[in-house]
Each structure stands twice: as structure tokens, then as C-alpha cells.
Protein chains: 2
Amino acid sequence: MGGRTTRQRTAVMRALARRQDFVSAQELHALLVTDGIRIGLTTVYRALRDLEASGGADVVRDEAGERLYRTRPADGHRHYLLCRACGRSRPVDSDVVEEWAGRIAADTGYAAVEHTVELTGICANCQPSGDEGEPPCHHWERAPEAAGRARSCAN
Amino acid sequence: MGGRTTRQRTAVMRALARRQDFVSAQELHALLVTDGIRIGLTTVYRALRDLEASGGADVVRDEAGERLYRTRPADGHRHYLLCRACGRSRPVDSDVVEEWAGRIAADTGYAAVEHTVELTGICANCQPSGDEGEPPCHHWERAPEAAGRARSCAN
DNA sequence: TATGGATATGGATTTCATTTTCATTTAGCT
DNA sequence: AGCTAAATGAAAATGAAATCCATATCCATA
């Protein structure tokens, strides 16, 4: 099932493993190229898609719908809390949701129920001191341009 | 907060309300045009985006990342179980998840935590009786490429 | 009922992530 | 070495969504 072991695929896997947070295909490609590795964007897309398909990586989508990849830890954590400002993630305990999803499946008669849970917020580092009152229910449109670009926290 | 009441926005809201399932902006636009309503695709996008922002509609994403909209019932349900075969949805009880998400927010120190929960499965109607074949029920053709299994949350 | 400024519309254009195409290269054999 | 299916990658295609901007429309006020 796993494809061939090529220079490029190895590079993608290594780069993804090295990084402990979610990355987009484009960012990963940029990283690789910056590191002097000759690889095409297409290949990065394909490698990540295949990694996802074979269970080697988790995927979430950011607010813009862009796919973000992360190597799946051996012990199978599955849900993450992403900071909308700096993009960093942390795994969260998700037993409750897993159970809930299982019960839904049983109750509804739906087969092959799958769930996707995406949590976002503003991490402690990125919280402004006290200038912007944030509405309680969803009202964040798309993050300011800075959030989309920089994947590293300024603080 | 709410925009003006225009012919087009009214049409979008009516069309969305009439339909009991999730629709994409493009499908909704096609529906409206077919119904003889003169409205631009841009306006449909905007109306739906604004509806979402004001809490008037729920949004999920299909496998392709496309946004699907549905009017939010008055009692504020937020989570749905979508059939991957026919695209029909049913709301599910989500108190457990809401609570869980709230606790995550408190525990992690993240501010403005938001959650997206997407459940998909094969509904009773679409379940093959004895063999593994293409599901029998197709109201509209969605997910032609959904054959690629292995989602982010394989359970 | 007019007026005017704020807001909405929509066709065209642009953006941009992702996919497809296809000629070329390469891994993994015998 | 030689073979071949698989992988590569540059360019082009795709398609959803955003943006532009000239025009149309709403609606409070006179």
C-alpha cells in the first residue's frame, strides 16, 4: 500500500515529523525548498494526501478551509486545540466526544459514523491585554491577515 | 447588525428555509435562478456569509471543503449528522460536546474557544442490504470522489 | 412625495489552494 | 544492465470564494 521510498517522500515525512504543529502543504513545501531540498509542490500535495490516506497524518482545516497536516502520534491522539492567532496546537483530551459520537452512531442507526472535531481559540501567549472585547458567540470572520501568514507566535 | 431587507436576501433566506438540508452557495444560487429569481452568485455568497455571521445559519464542510449552509432552528441546535451517501442531515443532541468544549476552554486558558463538530455516516435508507455496493439513494450527486476513505478521524 | 447618503447588488475579474495532465525520471525488481 | 510500473514536476486547469466598482435600491428625513 505504501508507495515507493523516494527521496522526496522521505523528505516530506521527515519535515512533517520534525515539526510538532500543523502545517499546510504550501508551507511545508516552502520549508523543504528553503532547506535546499529540490521538490515540487505537486509532490508535497501528493505525499501528504497519501500520508493521510494511510493514517500517517491527521488533518484539520483552518478558517479558510485550507488543509493542515500533522504526523499522527503513535498513541493516537486525535483532537487538537488550535490557536487562531499563532497557529500552534495542543492535543486535548477527547474521551467524552469519542463516547458521545459512539452513542450517536448507536442511537441513530447510521453506519460507519465518523466525526471531525475542530477546536480553535486564542492561546494565552496571543491574548491582547485588554483592548478588544470579543463577542461570546461566533463572530470572528477571518483572522486578520497576520494570522493567516505567520505560523509562528510573535511572543 | 442585520443587513437590509432586500428582495434578494429575502429570497435567499426563504430558499434556505424551505430546504431542510444543507446546500452549497452555488446550489442555492442555481435553485433560485431556476425558480426565476434574478440574483447574482456573489449576492448569494454574501447573504449566506452574513447569515452565518449573525447566527442565522449553521455551516458544515463537505469532503471537498465546500461550505454547506442550513438555517438554524430557533432553539439553537448546532450539530448534525450527515449521510455521506444521500447528503441528508439530522440534528443531534450535542449538550455533551458543548460542555466538553466549555471545559476545554477553562482548562487550557485559551480565549474565545470555538468548536466545530462534524458527524457523517450512512443513514438507514442508504445502507446496502447485504453487499458492499454503491448506495441506492441519490437525491443529488455529491461526493463522487469520496471513495478515498480514511478521514482525519478514523474511529 | 422627493432627496440623498448609506448600503446592497452583480457581472467581471482576481485570488489561491488543490488537482490534473503528461512527458520525463526513478525505484525496485530479475 | 534492462525493464516497467510508479513517482515526479512544470505547466495548465479547476473551482470556490473574495474583490472591484459602476449601478441600483433602501429608507430616514425634510
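Naming: A, B, ... by sequence-line order, numbering from 1 per chain.
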N/O (side chain, B/Ser24) to phosphate O (OP1/OP2, D/dA16) under 4.0 Å: no

Sugar-phosphate, base or nothing in reach of A/Arg38, heavy atoms under 4.0 Å: sugar-phosphate

Validation row, ring centre A/His115 to ring centre B/His79 under 6.0 Å: no

Heavy-atom check, side chain of A/Arg61 versus side chain of B/Thr116, under 4.5 Å: no

Student check: side-chain heavy atoms of B/Val59 and B/Leu48 closer than 4.5 Å: no

Rounded interatomic separation in angstrom, taking CZ from A/Arg7 and C1' from C/dG28: 17 Å

Rounded interatomic separation in angstrom, taking OH from B/Tyr45 and P from C/dA8: 20 Å

Atom pair distance, as rounded to whole Å: CD in A/Gln26 and C1' in C/dT15: 12 Å

Nucleotide C/dA17, atom C1' - distance to CG of A/Leu48 in whole Å: 13 Å

Side chains of A/Arg88 and A/Asn125 in contact at under 4.5 Å (non-hydrogen atoms): yes

Interatomic distance, A/Arg49 CZ vs C/dT19 P [rounded to whole Å]: 5 Å

Nearest non-hydrogen partners of A/Tyr80 and A/Ser89, listed with the distance: CB-CB, 4.3 Å

Rounded distance (Å) that lies between atom C1' of D/dA16 and atom NE2 of B/His29: 14 Å

Just list the side-chain donor-acceptor pairs under 3.5 Å for residues 34-47 of chain B, sequence neighbours left out, or say none.
unit_1: B/Thr34; atom_1: OG1; unit_2: B/Ala30; atom_2: O; d: 2.7
unit_1: B/Tyr45; atom_1: OH; unit_2: B/Gln26; atom_2: NE2; d: 2.9

Interatomic distance, B/Glu52 CD vs D/dA17 P [rounded to whole Å]: 11 Å

Any A/Arg9 side-chain N or O less than 4.0 Å from OP1/OP2 of D/dT8: yes

Close side-chain approach of B/Tyr69 and B/Leu51, heavy atoms under 4.5 Å: no

Separation of B/Trp100 CH2 from A/Asp95 CG (nearest 0.5 Å): 10.0 Å

Residue pair B/Asp58, B/Arg72: steps toward the salt bridge (charged side-chain N to carboxylate O under 4.0 Å, His left out) verdict: CA-CA 6 Å; B/Asp58 290 323; B/Arg72 170 128 78 202; 2.4 Å; yes

Side-chain heavy atoms of A/Phe22 within contact of A/Val60, under 4.5 Å: yes

Where protein sits on nucleotides 1-6 of chain D, one letter per nucleotide: B base, S sugar-phosphate only, - none, heavy atoms under 4.0 Å: ----BB

B/Arg67 side-chain proximity, nearest of D/dA17, C/dG10, D/dG9: D/dA17

Closest nucleotide among C/dG11, C/dT9, C/dT20 to the B/Thr43 side chain: C/dT9

Inter-axis angle, terminal five-pair segments of the helix from C/dT1-D/dA30 to C/dT30-D/dA1 [nearest 10°]: 30°

Donor/acceptor link under 3.5 angstrom from A/Arg46 side chain onto base of D/dG9: yes

A/Gln8 side chain near D/dA7 phosphate (N/O to OP1/OP2, under 4.0 Å): no

Phosphate-side-chain proximity, B/Thr6 and C/dT9, N/O vs OP1/OP2 below 4.0 Å: yes

Integer-rounded Å distance: D/dG15 P and B/Leu41 CG: 14 Å

